[in-house]
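To keep things clear, I will list the structure first and then write my remarks on it.
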Amino acid sequence: MRKHLIYIKCLTTMTFVFVVNAFAAAPLASKVYKSISVIPLPQEIIKLASEFEINRGTTLSASPGLENERDFLTRTLQPAMGFSLPQVKTGGNIALVLDKSLKLPESGYLLNVDHQGVRITAETSAGVFYGIQTLLQLLPAEVYASVKQDAKWKVPGVNIKDYPRFQWRGMHLDVARHFKPVAFIKKFLKAMAAHKMNSFHWHLTEDQGWRIEIKKYPKLTSIGSVRKETLIGHLLSKKTKEFDGIPHKGFYTQEEIKDIVAYAQRLHINIVPEIEMPGHAQAALAAYPEYGSNGQKYSVWTQWGVSKAIFSPEEKTISFLKDILVEVMALFPSKYIHVGGDEAKKDHWENSERIQSLARDRGLANMHEMQSWFVSEMASFLQENNRRLIGWDEILEGGIADNAVVMSWRGDEGGIAAAKIGHDVVMAAHTNTYFDYYQSQDKDREPLTIGGFLPLEKVYAYNPVPKQLKKEQHKHVLGAQAQLWSEYMPTGKHVEYMAFPRLSALSEVLWLNDEKKNLDDFANRLSYHFHRLAVMGISFRPDETYPKEQGNGQKVALKEKL
Ligand code: ACM
């Protein structure tokens with residue numbers, strides 16, 4: 001992501017004035033829910049004249065196998081409504097029903113609300129879970145609060161048939177540049193689930209910090225998770241670099257990771273862990289320099305950019321990394337394991353006699369082929385363990401490993417090339433999905449970022465299936481995801497500010513069929529959705545109109561909110 005400074009030049013200079021229509025100035029608590037404003041928008045909605053009231057007398061039933069979904073609904077409603085819905089075995093006023101005969105697309109559901117009650121039907125628990133998320137968004141925003149209010153809430157009558165466009169609806173988070181605590185990760189996952197996102201790409205290792213406990217190699221965290229200090233300001237802003245003098249540290253224990261993985265599973269989110277190799281390895285090599293390429297001693301990097309520190313392609317290093325992956329696989333049930341592969345500077349490989357001779361022995365023509373050999377070793381190892389390797393689009397260089405999935409970040413090109421040769425891809429083009437870019441061109445009002453410009457409307461306009469692909473190649477596009485690189489996001493609040501509402505826009509890109517997308521309609525729904533985000537306690541980036549009642553109509557420096 002460090003490289004994307006060079007791309008900033010070619011980003012469009014489209015001006016973005018996003019005016020949310022018809023925003024009511026009423027105080028939040030009394031804002032009456034008026035129309036259907038679900039994000040992401042369901043595929044098919046028929047509005048009915050009738051409505052249903054949820055109150056103390058409303059009963060809840062769930063088919064066997066839906067205990068998690070029933071508990072999710074009751075745990076969400078109880079604190080907000082001030083009471084628990086009484087449960088019955090079958091035929092509740094709110095009924096969660098598994099029906100294997102529906103023949104809906106994967107993770108689809110039906111939601112029917114009329115004067116008799118609410119019925120959510122799906123073939124899978126995931127489908128029911130998404131039906132519940134839609135139901136919650138048919139209720140007032142206060143449903144996400146934890147203030148007891150003895151509520152009586154009207155649900156508008158609807159017949160909804162819904163299913164996602166893509167199976168990979170992802171959000172990435174870099175916790176290596178700036179560590180984020182467990183409580184924040186859980187809050188973030190919950191907000192993702194409210195948007196029907198289902199893949200959390202957890203970027204756990206970097207030059208600037210190693211954040212996952214590996215029992216066999218304890219120095220990865222005792223040394224690799226601590227940096228002495230951090231660069232102040234933007235990497236390119238000053239000739240003489242200044243540092244804050246404050247140690248930055250943090251890592252997740254294996255127990256914490258198990259807890260987070262289980263939490264995510266209950267939200268139907270798969271966590272894809274990323275262990276970077278062969279580059280972005282400086283923190284690991286600070287702990288275990290013997291696996292580096294030129295005998296250099298390192299300390300955990302204190303500045304941004306791409307370090308030249310690179311794992312050596314020798315057998316002992318491959319074994320070390322496989323040992324790490326064994327522990328990673330034991331923690332993460334994900335079919336996909338991310339091994340990075342991006343921005344590996346090969347200087348230390350090029351300049352090493354030892355590594356040049358290794359290349360000759362292996363019949364490799366150059367260092368791209370050496371990286372390809374390296375990644376193929378990992379791909380085979382993961383495959384032997386019934387997992388699949390995923391990597392950034394550099395894994396195409398020098399020849400892509402069998403069965404590897406490509407995450408296309410430098411644009412759509414990597415994804416196009418990979419899909420054309422039959423590989424699955426996840427689209428993550430920086431131009432439309434790098435949420436570390438500025439949200440406005442009025443940079444003085446914004447918190448410092450890496451650069452770039454990615455307004456909400458450009459996220460919304462993204463179509464993860466490039467035109468260049470033939471129809472029969474579309475199946476290789478698993479979906480897309482946004483990236484949150486955290487060099488300039490020291491706190492959870494910063495992350496939320498950069499993520500929302502762009503994540504809301506992306507959720508619709510990933511869920512709703514492209515021909516049904518409509519920016520104006522999305523903007524109208526977003527004006528209500530901001531209330532939900534506010535009740536969830538998310539420090540989203542307000543637009544110029546939000547919230548009028550709190551005086552943010554004036555041009556205040558948004559960065560001061562953080
Ligand atoms: C990346 O931004 N280096 C994937």
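Values below: all heavy atoms of this structure, side chains included; hydrogens, waters and symmetry mates excluded. Counting convention: from 1, in listed order, for ligands and their atoms alike.
Partners of Ala264 under the side chain to side chain contact (heavy atoms under 4.5 Å, CB included) rule, at least two apart in sequence or in another chain, are Leu189, Ile269, Ile271.
Near Tyr434, with a cut-off below 4.0 Å to any heavy atom, the atoms of ligand 1 are 1 (C), 2 (O), 4 (C). Contact atoms of ligand 1 toward Trp485: 1 (C), 2 (O), 4 (C) (distance under 4.0 Å to a heavy atom of the residue).
Under the 30°/60° scheme for interplanar angles, the aromatic rings of Tyr434 and Trp485 are found to be tilted.
A 6.0 Å sphere centred on NZ of Lys228 holds no more than 12 heavy atoms belonging to other residues, nucleotides or ligands.
Among Trp392, Trp409, Phe332, the single residue meeting the ring-ring contact (aromatic ring centres under 6.0 Å, His included) criterion with His201 is Trp392. Applying side chain to side chain contact (heavy atoms under 4.5 Å, CB included) to Tyr462 and the options Leu454, Leu510, Asp412 leaves one that passes, Asp412.
Residue Asp342 has at least one nitrogen or oxygen atom sitting less than 3.5 Å from a nitrogen or oxygen atom of ligand 1, judged on distance alone. Distances between N or O atoms of Glu343 and those of ligand 1 include at least one value under 3.5 Å.
Residue His430 does not touch ligand 1, judged by heavy-atom distances below 4.0 Å.
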